[in-house]
Every structure is written in C-alpha cells, then in structure tokens.
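A quick write-up on the structure given underneath.
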2 protein chains.
Amino acid sequence: MNLEAVAKRARVSTATVSRVLNNLDVVKPATRARVMKAVADLNYYPNLNARSLAGGKNRTLGMIASNLENPFFFDVFRTLEADAHARGYELVAANTGYNPEQLLNSVRLMIGRRVGGLAVIVSEMEPDLILELERSNIPVVFYDVGIVKPKISNIRVNYRRGIEEVVKYLHGLGHRKLAFIGHHSTLGPTSEREKTFTDTAPSYEGTEYRTVVNQDGPDGGREAARELLDSGYRPTAIICVNDFMALGVLRELRERGMRVPEDVSVTGFDDITLAEYCYPALTTVHIPRDRIGHLVFEALTADSDRASATGHEVVVEPELVVRQSTAPAGVPQ
Amino acid sequence: MNLEAVAKRARVSTATVSRVLNNLDVVKPATRARVMKAVADLNYYPNLNARSLAGGKNRTLGMIASNLENPFFFDVFRTLEADAHARGYELVAANTGYNPEQLLNSVRLMIGRRVGGLAVIVSEMEPDLILELERSNIPVVFYDVGIVKPKISNIRVNYRRGIEEVVKYLHGLGHRKLAFIGHHSTLGPTSEREKTFTDTAPSYEGTEYRTVVNQDGPDGGREAARELLDSGYRPTAIICVNDFMALGVLRELRERGMRVPEDVSVTGFDDITLAEYCYPALTTVHIPRDRIGHLVFEALTADSDRASATGHEVVVEPELVVRQSTAPAGVPQ
DNA sequence: TTGAAAGCGGTACCAG
DNA sequence: CTGGTACCGCTTTCAA
C-alpha cells in the first residue's frame with residue numbers, strides 16, 4: 001500500500017497525493033476530496049521511514065533516560081510526550097539502565113533514526129557521546145551535564161541548594177549522625193548530590209556522616225540501608241539521593257523494628273507521587289518535573305537559528321517539602 | 001554522511017560498504033578492514049530510515065501499553081526490551097494512558113514505521129484496531145484480548161482463577177462484606193477481573209459486596225477508597241484490581257485511622273515490586289511479567305511460516321501471594 | 001492547480 | 001569477492 005496506489009485510485013499523481021497528505025493548501029477542494037476518499041478506501045498510512053528519508057525532516061523526538069521505572073524520569077517523559085503530541089511530534093524513548101554502553105547504543109540509534117531532537121536525561125556518561133552528538137547536528141538537550149556547546153542545551157537543577165537545605169533542616173532538628181544513600185553513576189546529578197552532601201555535612205560542627213551506594217530503586221535502597229546498619233553505624237537521619245531508593249530504606253528500617261521518624265529520620269529527593277503514598281509520607285525535595293519536561297520540549301523545538309544555535313542553560317530551583325518521615329533527633333544513645 | 005562518502009573514502013562501491021555493515025562474510029578481510037576504518041574515521045552511522053525502506057525489513061519492535069507508569073506494564077516492557085536487545089532488535093514504546101484514541105494513534109504510527117512486530121498490551125480497545133492491524137500484515141501479539149486471527153497471537157492470564165482464589169481465601173478468613181476497586185477501561189483484563197469478582201462473590205452465601213472504579217494509579221485508588229468509605233459502606237476486605245491502585249487504598253485507609261489488616265484487609269493483583277515495599281506488605285496475586293515479556297518476544301519474532309501464521313494463544317497461570325495486608329475478619333460491627 | 005522526475009540513503013540482485 | 005544499478009515510498013523542485 002503506497003502513494004502510487006492511492007494516486008491511481010484518485011486519478012491524480014503521487015505528487016498531488018503527497019500535497020494533500022501534507023496539507024499544502026494549493027490543491028483544489030474537489031481533488032483533495034477525491035484523494036481523501038481514496039486514502040480512506042485503501043486504509044492507507046504513509047511510510048514514515050520513506051517520509052523522513054525524502055523530506056530530510058523528522059517529527060519524531062527521542063528521549064533517553066537512565067531508568068524510566070523511577071517515577072522521576074517517567075514524569076519527565078510523560079510531560080515531554082504530552083507536549084510533543086500537542087504539537088504534532090512523536091516521542092520515542094529508550095532506557096539505559098545506567099549502563100554507559102547502552103547509552104552510547106541508544107544515542108547511535110537515535111542518530112540513526114535522524115530524530116528531530118534528542119533529550120538525554122541520564123546520570124551516566126560516555127566520553128565519545130558529546131562529540132558524536134555534536135557532529136550529528138541534531139538539537140540536543142542534556143539534563144544536568146555541565147556542558148554547553150552550540151546546538152546543545154542544558155537543563156540543570158540546583159541540587160546543591162536542595163541538599164544544603166536538607167542538611168540544614170536536619171541539623172536544625174538536632175541531627176548530628178547522618179548517612180547518605182546514593183546510587184552508582186559515573187557522573188552527573190547523583191554524584192553532584194553526594195558531593196554536595198560530603199561538602200556540606202562537615203561545615204556543621206560535630207556532625208558525623210557515612211555514605212553508601214547501591215543501585216537505583218527500592219531494592220537498592222533497602223540493600224544500602226542493610227549494609228549501612230550492618231556496619232554498626234547508627235545514624236539519626238538518613239538522606240537518600242532520591243525518593244525511589246528511600247522507599248527501600250523505609251522498608252529495611254521497618255523490618256528491623258526501627259521507627260521512622262522516632263528512631264531515625266529519612267529524607268528523599270524528587271518528590272515523586274509515591275513519596276506521599278509510602279509510610280510514613282516522605283520528607284523530600286521537590287523538583288518540578290513537569291517544568292523540566294516543558295523546558296526540554298522547548299529547547300528541542302526552538303528555531304535552530306536562535307537560542308539552540310548558541311545552546312542555552314536553564315537552572316531549576318528545588319524546594320524542601322516536609323512530611324512525616326523526619327522529626328527532631330532523640331536522645332543520643 | 002552517507003554510504004557513498006564511506007565508499008569513496010574506502011575506495012570501494014556502496015554495495016561493498018553495505019555488505020560490510022551487514023556482516024555478509026563474503027568480503028575479503030583486507031577490504032573489510034579498509035571499510036571499517038573509513039566508517040570509523042567518518043564517524044558514520046547508517047540511516048535507519050533508509051535501511052528499512054530499502055530492505056523492507058525492520059529490526060525494530062513496537063510495544064504499546066496502557067500505562068507504563070504502572071510497574072506491571074513496565075516490567076513487561078523491560079524484559080521485552082532485554083530480549084530484543086539480546087537478539088539485535090530495538091524496541092520503541094508508546095503509552096496510551098488508557099485512551100482509545102491515543103491507542104489508535106499509536107498503532108497507526110507503529111504501522112507507519114513498519115515495525116517488525118507489535119505488542120499491544122492494553123486494557124482499552126478500539127473497534128477498527130484489529131482490522132487495521134490485520135491488513136498491516138505485521139506480526140502482532142495482544143495481551144488479553146480474546147481474539148485469535150492469523151498473524152495475531154494472544155497471551156492471556158487466567159484472571160478468573162486469580163480472583164477466585166482471592167475471594168475464596170478471604171472467605172476462608174471469614175470476610176463477608178467485600179468491596180472491589182477497579183479502574184476504567186472499555187474492555188480487557190480489568191473488566192474481566194471485575195466481572196469475575198461480581199460472578200464469584202455471590203456464590204459464597206451471605207456475602208455482600210460493592211464495586212467502585214477510578215483511574216489507574218495510587219491517586220485513583222485513593223479516590224476510589226474515599227468514595228467507597230464516604231458512602232457509608234464498611235467492608236472488611238477490599239479487593240483491588242491491581243497493586244498500583246492498592247497503594248492508594250492503603251494510604252486512604254491509613255489516613256482515616258483504619259488499620260490494615262486489623263480493621264480491614266486489602267489485596268492487590270500483579271505482585272509488583274512495590275507490593276513488598278508498601279506498608280503493610282500487600283497480599284496479592286503474582287503474574288509472571290518476565291514470562292509474559294519472553295512470550296511476547298517469541299511470538300513477535302517467530303518464523304512467520306509457522307505458529308504466528310496461524311496465531312496462537314498462551315495462557316499464563318497466576319498465583320496467590322499472602323503477605324501482611326490480610327487477616328481474619330474481626331467481629332462484625 | 002497538477003504532473004513528471006530527480007533524489008533521500010540504503011539493499012540486493014545480476015554480472016563480471 | 002566486488003561493482004553497477006534498479007528499486008523502496010515519499011518529498012520537492014521545475015514545468016506545464
């Protein structure tokens with residue numbers, strides 16, 4: 001089923017069918033109607049591969065995420081997709097599972113597809129990546145990779161401030177024995193959070209801390225908490241790199257009979273919906289994922305002449321959200 | 001950057017470059033090496049659109065899901081993707097948000113892309129869908145749509161048995177006032193669960209029940225629980241259509257000061273990872289999502305001559321998993 | 001307003 | 001083992 005079949009049935013040329021299908025309003029209404037009918041009769045749908053090959057354009061955007069299972073990434077995906085659909089774009093997503101090799105793979109695939117724009121929302125990184133992306137000449141937006149080059153935009157979240165607020169808040173509650181639970185990632189948001197933590201914690205006198213990492217997700221969080229507690233260290237507050245991992249921490253604590261927040265306070269990061277649904281509801285730092293999604297879409301579809309030509313950077317400010325998983329530190333043991 | 005550029009640089013024809021890129025081992029090692037070098041030098045990546053246009057083949061599979069945010073769908077996606085990658089396929093996903101219109105859209109898009117196979121894992125349905133899919137001549141696998149046609153496979157879960165076991169189990173615990181919380185969907189798995197419930201419940205003497213539906217997800221679950229309880233009805237056990245919604249039910253109960261499972265028992269369905277992480281851990285029905293993912297992949301890539309040519313059906317058996325959210329019914333109020 | 005035809009970047013068949 | 005070349009299905013001048 002192709003253009004020619006439709007053309008034949010409508011007694012016009014393929015060029016005209018193409019015009020109708022692309023809404024080039026130069027076609028005589030009568031002709032247009034005839035074509036439309038043929039299209040409907042034949043149940044015809046254009047071959048998108050041929051279309052983007054011939055047109056050199058592509059109304060398909062790509063998004064590569066580290067872990068779509070983590071609601072943080074998914075929420076960005078969701079709003080990006082909504083924006084895309086609203087403006088007649090399509091979005092294809094790829095998951096790297098924090099695997100740098102897979103990241104490179106996905107990027108090449110997206111380039112191979114000649115997507116109209118590519119959002120790289122990942123925590124891991126690959127050296128060759130930036131270079132290849134630059135050469136590809138595709139509009140790209142990174143999330144939290146500190147590189148701004150022509151055609152490459154950047155959206156960052158002020159993690160530093162987020163973590164600082166958490167530490168300050170906990171310190172204000174009297175917590176002096178802290179722990180940080182993070183996840184593996186070569187570079188990017190995560191390590192920035194961790195680094196900020198190890199930078200900040202010591203600035204408060206008399207504060208002890210320890211750090212442990214594991215994979216992203218409830219399982220990883222639980223495992224990390226287990227390792228932390230098995231070491232004998234007894235923090236009064238545990239700061240998690242994100243809410244998704246905090247879920248696992250809460251569980252481990254619960255199973256050990258440690259009460260939250262009476263015995264130990266726990267904080268997350270991101271403010272995913274689940275943060276409100278777990279028990280106890282999680283004190284966390286809100287990151288406006290919908291705003292990020294919108295920004296990504298804009299950056300990807302901006303006129304290549306202006307902003308994107310230079311590559312711009314936007315910083316998003318996070319905000320502390322206090323719920324039930326934190327409380328004043330108890331009497332030191 | 002195209003084949004010709006590479007060919008020129010390697011001093012061979014485009015045909016040879018193509019052979020090298022496709023591992024047709026008829027190329028002399030020396031030549032192959034030269035081509036490889038040119039490819040590397042030029043940082044060349046084949047245009048996938050052109051490739052599938054010319055080749056008529058497509059190593060890209062598609063998966064359409066109702067709600068990728070629901071871990072059930074995501075888990076299927078994950079294993080399908082893993083299988084695909086392992087065998088050199090790619091997977092593009094689309095989300096319908098339970099919207100039939102969006103479903104049709106996505107299907108057309110996938111057909112437009114001429115994907116090599118399409119998995120339709122959704123709860124909603126569109127009349128035109130089956131027809132269009134059939135004409136497309138693309139291998140298709142449905143999840144729980146009771147239609148088997150040539151080239152269309154079907155994977156079903158024996159929901160009926162799952163629900164029956166839940167009801168029987170709860171009845172054994174003495175529960176006589178039940179409630180079912182489901183989500184909207186025109187047809188498919190969900191309504192089958194609900195139907196099974198309304199079929200089964202009355203078969204136990206003295207059993208009362210009520211049903212309420214809302215959107216999928218914790219928010220919807222919470223809202224449904226709210227509506228249920230606001231009506232004045234006081235079930236001793238609430239059966240949720242899936243774990244994702246049960247999360248919200250647990251929260252609403254908690255906020256109303258109703259203890260689970262002392263005051264009311266709650267069950268989920270699917271056995272997502274989160275079911276173990278919520279509080280209390282959820283009694284649910286396990287569905288082997290990895291197995292489903294594998295089955296989907298197989299069905300999509302099976303030799304079109306055999307099985308898929310006829311279209312086959314596989315039934316997966318679920319299994320009750322008892323955790324902490326259920327207990328014997330207390331004294332009637 | 002419409003048609004003819006030249007690509008877009010590959011693949012695959014046919015020679016050599 | 002390698003090159004020439006006819007498409008794949010659609011977009012886009014260029015003419016008419």
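To find a chain, count down the sequence lines: A is the first, B the second, and so on, and within it residues start at 1.
Taking the ring axis of Y89(B) as reference, the NZ or CZ atom of R59(B) stays within 45° of it and closer than 6.0 Å to the ring centre.
Rounding to whole angstrom units, CZ of residue R32(A) and C1' of dT2(C) are separated by 14 Å. Atom CZ of R34(B) and atom P of dC1(D) are 14 Å apart (whole Å). Atom-to-atom, CE of M1(A) to C1' of dC8(D) comes out at 15 Å; the value is rounded to the nearest Å. What separates CG of N58(B) from C1' of dG10(C) is a distance of 13 Å, to the nearest Å.
Using a 4.0 Å heavy-atom criterion, one finds that G55(B) contacts the sugar-phosphate atoms exclusively. Counting non-hydrogen atoms under 4.0 angstrom, V12(A) reaches the backbone sugars and phosphates but no base. As judged by a 4.0 angstrom heavy-atom cut-off over every strand, S18(A) is placed among the base-contacting residues.
Taking side-chain N and O atoms only, R19(B) has no distance below 4.0 Å to OP1 or OP2 of dT2(D). Between N49(B) and dG9(C), a side-chain N or O to OP1/OP2 separation shorter than 4.0 Å is absent. Between Y44(B) and dG10(C) there is a side-chain polar atom (N or O) within less than 4.0 angstrom of OP1 or OP2. Phosphate contact (OP1/OP2 of dG9(D), side-chain N/O of N2(A), threshold under 4.0 Å): present.
Across I64(A), N67(A), N95(A), a single residue satisfies side chain to side chain contact (heavy atoms under 4.5 Å, CB included) together with F73(A), and that is N67(A).
Crowding of R135(A) atom CZ: a count of heavy atoms from other residues, nucleotides or ligands under 6.0 Å exceeding 12.
For F72(B) and F77(B), the ring centers sit 6.0 Å or farther from each other.
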